[in-house]
Structures are given as C-alpha cells and as structure tokens.
Asker: 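There's a structure below that I have some questions on.
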2 protein chains.
Amino acid sequence: MITTADHTMTRMPGDERRQQIIEEAVRLFSVNGFRGTTTKQIAAAAGISEAMVFRHFANKEELYAAILDHKACQHDLGDPLEAVSEQIANKDDWGVFHGIALNALRKHREDQNFFRLLLFSALEGHELARMFFESSVTGMYEALGSYIKTRQEDGAFKQLEPKAVVRAFVGMLIHHSLTTMLFDPGQKILKMTEEEAAHNFATVLLEGIKK
Amino acid sequence: MITTADHTMTRMPGDERRQQIIEEAVRLFSVNGFRGTTTKQIAAAAGISEAMVFRHFANKEELYAAILDHKACQHDLGDPLEAVSEQIANKDDWGVFHGIALNALRKHREDQNFFRLLLFSALEGHELARMFFESSVTGMYEALGSYIKTRQEDGAFKQLEPKAVVRAFVGMLIHHSLTTMLFDPGQKILKMTEEEAAHNFATVLLEGIKK
DNA sequence: TGAAGTGAAGTAAGTGCTTACTTACTTCCC
DNA sequence: GGGAAGTAAGTAAGCACTTACTTCACTTCA
C-alpha cells in the first residue's frame, strides 16, 4: 500500500483525527476552493480513506462549517482594537494607526490560508463565511470609527465621514495583503517589510485626516 | 421543449453566437466561478445545445481564454491615466487623484461581473487572469508612481515610497468596490455616492502625502 | 486467567449521479 | 446539393457518499 502521510496506520482518538482532517481541508480549500477540492484529496492528505472523512463529518458542507466554527473561535472576535488600547487611551494617533496596521498585516501573513478560504467562500456565496467576514469587518468599522469621531470632536481630525476613513485604511491593509498573497508572494514587486508598509500606510492616513 | 432564453431557435451567424456564448459564460463564471459553472448551464443560458458550445470552443479552458482575450481588448489597456491627462499636465494634484478614483469606482460598478471573474480566477490560479491582473495593476503602479515621483522632485509631495503610496490609493478603491460588491450591494452599510467616496479617498490620500 | 464479546477506527469496493466532451444525425439557407 | 447551424443521445471519467467488511484495544465474567 502506498501512503502519502507518515501518520498512516497509527490509530488516533476521534478528536485528534477530526482536527487533522480540518487542518488538511483548510489547506486544500484555500488553494483550490470548496468546489475545487475533492473529499478524496482531503482523505489522502490526512493519510486515511475517504470513508473516514464521512465518519467524522456528515457531508462536505458540514466539514466546511466545522472549519469556520473552529477558525472563528481561534480568531477571537474580541475587541478589534485590544492590541492598541493603550495608544487609544493616550490619544497617540500615530500609535493607534501604526499598531492596527502592523497587527493586521502580521495576522494576514500568518493565516494566509484562512484569508484565501474566506475570499473563496465570499465569492462562492457561502452564508457562514459571509457572516464571519461581515461581523469582523463591521466590528472594526464601529471600533475605529468611534475613535475617529472622538478625535474629530477634540478638534484633532478633519470632518470627514468616519466610515469612509476606516474604509480607506482597511482598504490599504487588505489590498496590500491580498496583492502580496496573490501576485507577489516573493515580495519582488514591492520590496518592503511589514514594518515599512505599516509605517507608510499609517503616515499617509494620519496626515490625510489630521488637522 | 423548455427554453430559458427567447433567442432560441433563431439561427445566427457564427460570430454573433460566439459573442453570445462568451457573454453568458462571463455572467455565470462570475457568479459561480470556473469550476462551479457547467458547460450545460452555459448552453442553456444561451438557449442552445451543449454541443454547440464545443463547436465554437475546443474546450472549457479555451472558452475561458476567449473571455479574457475579449475583455482585455474591451478594457483597453491603454494609458491608465488617460482620463486625467489634462490634470496631470496642469499638475492639478487633487484633480488627478479625484479623477482616477471616480473613474475606477465607476468602471468597477459597470463591470462587476468581470471584476468577480478576475478575482475568482486569481484565486483558482488561472495563469491568464493572473497575467491580466498583474499587467493592469503594474501599469497603474508605474504611471501613477512616476507622477508622484515627479511631484516629489517638485518639492510638492513628501518623500514616501511612491509604490507604497500607489498601493495605499489603489487599496482604498479596490477594497471599496470589493466590499460593496460582496457584502453591501444595497449600499446599506456605507451610504455614500461614488462621488462622495472618490472625494473622501482623494482628500485622505492627497492630504496624507503633500507637503 | 483467558475465551468471548464490544465498539471505535479503519478500509476496499462499490453506487448513482454529474461532468466535459463526442458522435451520428437533421435542418435550413444560398 | 453542399455546408454551416443545429440537435439528441451518447461515453468515459470523476464526484460525493455508502456498504459490507476487518482490525484491534479493551472490558467482562465463567
């Protein structure tokens, strides 16, 4: 028998195997999409037979839902500005934007697979992915938007629509991650470290909105 | 016989039919992706039998390539800054950024289908789509980047990496179109006209980079 | 103590349906 | 009557999912 993975034949308790299937599925879905990935491929990647996939998940859709559940927990969904709470308290505007940018760029790089998967499913029209995307984006809009509003009231920022400003900022970050991921994985077009990118984006935005 | 389109049964000369197949395919590919669209669906949408699709295109891949070819011509690929050439000559910075923004947002709305299709194929790893995306993005990077460089030499703009500035700007625009398309088609989250969005983005960017 | 039984983890070999693509044939216009 | 435009009815491969069976660690109780 030919096996593709060295963990074949080693019996594992149910939950570990479940996790393993989920992880391989994330990898494959993120590369080929939901429709472009077969249950056979997933099984092979996990080093088990296809039937075992269906012992752990009623069907392909349920496996997919399990991935989103798992990832949603993993990605906290707590306060999106938690990492820069200190800067916010100090009204250190540059620190806030720089911190958010650096944080977001790092997160995107670390979980490119999940990022791709989300995009795929948003395009494929999967409800759960849509909800996840929507709620996490909405959270950022509200949190950062209210900070901008506060600073406008302080007279520190121009009177631009806060949501538009957030969209501009989030746009810089997501587009940067997306372009790098899809077209410039080797960072050959734009030779720039994460730190430099975050610095540039924070500078452009802050200078653009402060009075 | 049940037909889904009113043009069934009317004989058309070859090229017209070819165009029609391409148009229906664009619509379907953009909604369901390449893998998620069947040749039967395309045939039904065009009101012809599946065999006719294969009379016009050797296989599904060739149909896909024909779409990109067709769209690539349609989308000119001339100077990406042609529409704002006057503002560039006058060094009307705000006019340049505002014009580009308005132009891009309009184009994206008008050709959402093609935009979705491109994203799908970038994710699915289709070489041609990759090339199209890459060349059009690269064109913008070079054209706008060189304008920014000129204005930096004039002493009008700050010494930020031009490519990073372009990426920030393009990011605002693409992210706005993408988010609107995927999650906010009814414009309920961000109630903002194209003109307002372009105004905001141009202001944020220009104020962020000018001295 | 050890044979008998239990159940979870595993598989090989299907099933029926869908897919891209083909073939053999018809219709209709010039 | 020849050729382009069209079709109905395939075919082989691939898909999600099932079935019928095996393996083996671990109880249970005569």
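Chain identifiers are assigned alphabetically (A, B, ...) following the order of the sequence lines, protein sequences preceding nucleic acid strands; residue numbering begins at 1 within each chain. All heavy atoms count here, side chains included; hydrogens, waters and symmetry mates do not. Please read these numbers as outputs of a predicted model, since none were measured by experiment.
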Asker: If you pin B:Ser49 and A:Ala51 to their nearest nucleotides in DNA chain D, which one's is more 5'?
Answerer: B:Ser49
Asker: Distance check needed: C:dC21 P versus B:Ile21 CD1, whole Å only.
Answerer: 14 Å
Asker: Step by step, work out the salt bridge (charged side-chain N to carboxylate O under 4.0 Å, His left out) result for B:Glu24 and B:Arg27.
Answerer: CA-CA 5 Å; B:Glu24 297 296 342; B:Arg27 237 196 54 238; 2.4 Å; yes
Asker: Without decimals, in angstroms, what is the distance between A:Lys40 NZ and C:dG14 P?
Answerer: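 Going from NZ in A:Lys40 over to P in C:dG14 covers 13 Å.
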Asker: Rounded to whole angstroms, how far apart are CZ on B:Arg18 and P on D:dA5?
Answerer: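 That distance rounds to 12 Å.
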Asker: Quick check on ring pair (Phe, Tyr, Trp, His ring centres under 6.0 Å): which of B:Phe34, B:Phe114, B:Phe115 does B:Phe29 satisfy it with?
Answerer: B:Phe34
Asker: Go through it in stages, so that I can follow the logic: the residues are B:Ile48 and B:Ile21, the test is side chain to side chain contact (heavy atoms under 4.5 Å, CB included), and I'd like the CA-CA distance, side-chain angles, deciding distance and then a yes or no.
Answerer: CA-CA 9 Å; B:Ile48 50 173; B:Ile21 294 170; 3.9 Å; yes
Asker: Taking only N and O in the side chain of A:Arg17, is any of them less than 4.0 Å away from OP1 or OP2 of C:dG10?
Answerer: yes
Asker: Mind calculating the distance between OH (B:Tyr64) and P (C:dA20) to the nearest angstrom?
Answerer: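 Spelled out: OH on B:Tyr64 to P on C:dA20 is 15 Å.
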Asker: Between D:dA16, C:dA20, C:dA9, which nucleotide gets closest to the side-chain atoms of A:Met52?
Answerer: C:dA9
Asker: Could you tell me the separation between the NZ atom of B:Lys60 and the P atom of C:dT19, rounded to a whole number of Å?
Answerer: 9 Å
Asker: How many whole angstroms separate atom CG of A:Asn59 from atom P of D:dC15?
Answerer: 17 Å
Asker: Look at the side chain of B:Glu50 and decide which nucleotide, out of C:dA20, D:dT7, D:dC17, has an atom nearest to it.
Answerer: C:dA20
Asker: Could you please spell out the steps behind the side chain to side chain contact (heavy atoms under 4.5 Å, CB included) verdict for B:Glu124 and B:Arg35?
Answerer: CA-CA 9 Å; B:Glu124 282 174 342; B:Arg35 285 190 248 237; 4.0 Å; yes
Asker: Taking atom P of D:dA8 as reference, at what distance in whole Å does atom CZ of B:Phe54 sit?
Answerer: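 Whole-Å distance recorded here is 16 Å.
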Asker: Measure from CZ on A:Arg35 to C1' on C:dA20 and round the result to the nearest Å.
Answerer: 17 Å
Asker: Nearest heavy atom decides the nucleotide; on that basis, is A:Phe34 or A:Arg55 closer to the 5' end of DNA chain D?
Answerer: A:Phe34
